[in-house]
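Here the structure is laid out as structure tokens; the discussion comes afterwards.
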Amino acid sequence: QVHLVESGGGSVQAGGSLRLSCAASGYAYTDVCMGWFRQTLEKEREAVAVIDSDGNADYADSVKDRFTISKDNAKNTQYLQMNNLKPEDTAMYFCAAALERVILSPVRQRLCDLENLPTDYWGQGTQVTVSS
């Protein structure tokens, strides 16, 4: 029912930029936690960036100040703008989403960050290769 499709991957030289897109169908992004992950043959899957339904974002230290996650709720699409790419960014990138979890006590809090990852639905992945 829920389907995520990534696009925008490719091969670039170090210092270059790419913009990944993830189009969703089957649900609206209104109350959804969304994010991007990456995986290589040598390394376990790692979370790159997460964005909650209010637009608050959380980033892995390795991509802070270089990557920006954003979303367009009307289009049910999330994006990952990747600038100043490094060879170590080479990986298969996956978008993911989940119904956002919310704590109501003592105050309302959205659980959508690097410690509370969206892993219910996954895209097929798009390859990003950064050469030296």
Side-chain angles (χ1 to χ4, degrees):
Q1 190 68 34
V2 177
H3 190 207
L4 306 179
V5 179
E6 301 99 333
S7 62
S11 182
V12 298
Q13 290 189 342
S17 299
L18 286 172
R19 184 177 179 84
L20 306 183
S21 299
C22 175
S25 62
Y27 70 96
Y29 276 79
T30 304
D31 299 307
V32 177
C33 177
M34 300 172 286
W36 291 89
F37 299 75
R38 64 188 182 187
Q39 186 172 2
T40 68
L41 293 176
E42 298 83 19
K43 190 176 181 180
E44 295 291 326
R45 183 189 68 188
E46 65 172 339
V48 174
V50 178
I51 187 167
D52 68 19
S53 60
D54 278 342
N56 302 121
D58 199 11
Y59 299 92
D61 289 340
S62 60
V63 307
K64 278 187 170 67
D65 301 319
R66 298 189 299 118
F67 290 12
T68 302
I69 187 172
S70 61
K71 61 186 177 70
D72 186 332
N73 290 339
K75 297 180 180 179
N76 274 7
T77 301
Q78 63 172 305
Y79 307 92
L80 185 68
Q81 178 66 47
M82 304 183 294
N83 297 325
N84 192 25
L85 284 161
K86 303 176 180 180
E88 50 263 44
D89 294 319
T90 295
M92 183 72 73
Y93 283 72
F94 299 87
C95 68
L99 181 66
E100 192 170 71
R101 294 173 291 164
V102 179
I103 289 178
L104 299 180
S105 298
V107 297
R108 193 172 190 272
Q109 179 181 355
R110 293 179 172 83
L111 299 181
C112 181
D113 50 38
L114 292 179
E115 286 71 49
N116 297 278
L117 297 169
T119 57
D120 289 343
Y121 308 104
W122 294 88
Q124 84 288 349
T126 186
Q127 179 67 37
V128 171
T129 301
V130 185
S131 60
S132 300

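In this structure the side chain of Glu100 reaches within 4.5 angstrom of the side chain of Asp52, judged on heavy atoms. The side-chain heavy atoms of Val48 and Tyr93, taken from C-beta on, include a pair separated by under 4.5 Å. Using a 4.5 Å heavy-atom threshold, the side chains of Thr90 and Val128 count as separate. Residues Arg38 and Asp89 are in side-chain contact: their nearest non-hydrogen atoms beyond the backbone lie under 4.5 Å apart. Leu20 places none of its side-chain heavy atoms less than 4.5 Å from the side chain of Glu6. Val5 places a side-chain heavy atom less than 4.5 Å from the side chain of Gln124.
Residues satisfying the side-chain contact (heavy atoms from CB on, under 4.5 Å) test with Gln39, not counting sequence neighbours, are Arg45, Phe94. Every residue two or more places apart in sequence or in another chain that forms a side-chain hydrogen bond (donor to acceptor under 3.5 Å, both in side chains) with Asp61 is listed here: Lys64. Arg19 is linked by a side-chain contact (heavy atoms from CB on, under 4.5 Å) to Ser70, Tyr79, Gln81, counting only residues two or more places apart in sequence or in another chain. With sequence neighbours excluded, no residue forms a salt bridge (charged side-chain N to carboxylate O under 4.0 Å, His left out) with Asp58. Residues forming a side-chain hydrogen bond (donor to acceptor under 3.5 Å, both in side chains) with Thr119 (at least two apart in sequence, or on another chain): none. Qualifying side-chain contact (heavy atoms from CB on, under 4.5 Å) partners for Ile103, counting only residues two or more places apart in sequence or in other chains: Gln109, Leu111.
Applying the disulfide (SG to SG under 2.5 Å) test to every pair with at least one member in residues 39-87, sequence neighbours left out, gives no pairs at all. Pairs of residues two or more places apart, or lying in two chains, that qualify as ring pair (Phe, Tyr, Trp, His ring centres under 6.0 Å) and include a residue from residues 34-60 are Phe37-Trp122. The list of disulfide (SG to SG under 2.5 Å) pairs with a residue in residues 99-132, not counting sequence neighbours, reads Cys33-Cys112. Residue pairs satisfying the salt bridge (Lys or Arg N to Asp or Glu O under 4.0 Å) criterion with at least one member in residues 111-127, sequence neighbours excluded, are absent.
Side-chain atoms of Ser62 never come within 3.5 Å of backbone atoms of Ala60 as a donor-acceptor pair (strictly under, hydrogens ignored).
Of all heavy-atom pairs spanning Ala23 and Thr77, the tightest one is CA-OG1, 3.9 Å. What you find for Ser53 and Arg110 is that their closest heavy atoms are OG-NE, 2.6 Å.
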Ser17 vs Asn83, side-chain hydrogen bond (donor to acceptor under 3.5 Å, both in side chains): CA-CA, chis, key distance, verdict: CA-CA 4 Å; Ser17 299; Asn83 297 325; 3.0 Å; yes
Lys71 and Asn73: CA distance, side-chain angles, deciding distance, side-chain hydrogen bond (donor to acceptor under 3.5 Å, both in side chains) verdict: CA-CA 6 Å; Lys71 61 186 177 70; Asn73 290 339; 3.1 Å; yes
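In the hydrophobic clustering of this structure, Val50 does not group with Ile69; members are Ile, Leu, Val, Met, Phe, Trp, Tyr whose side-chain heavy atoms approach within less than 4.5 Å, directly or through other members. Using a 4.5 Å cut-off between side-chain heavy atoms of Ile, Leu, Val, Met, Phe, Trp and Tyr, with links allowed through other members, Leu117 and Met92 fall into the same hydrophobic cluster.
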Side chains of residues 7-14: which donor-acceptor partners sit under 3.5 Å, not counting sequence neighbours?
none

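Taking Ile, Leu, Val, Met, Phe, Trp and Tyr as hydrophobic and joining them when side-chain heavy atoms fall under 4.5 Å apart, one finds Val102 in a cluster with Leu104.
Distance check: Cys95 SG to Leu80 CG gives 10.0 Å after rounding to the nearest 0.5 Å. Once rounded to the nearest 0.5 Å, the distance linking CG of Leu4 with SG of Cys22 reads 4.5 Å.
Open room surrounds OH on Tyr121; 12 or fewer heavy atoms of other groups in view lie less than 6.0 Å from it.
Side-chain contact check for Asn84 and Lys86: no donor-acceptor pair (N or O, by modelled atom type) lies under 3.5 Å.
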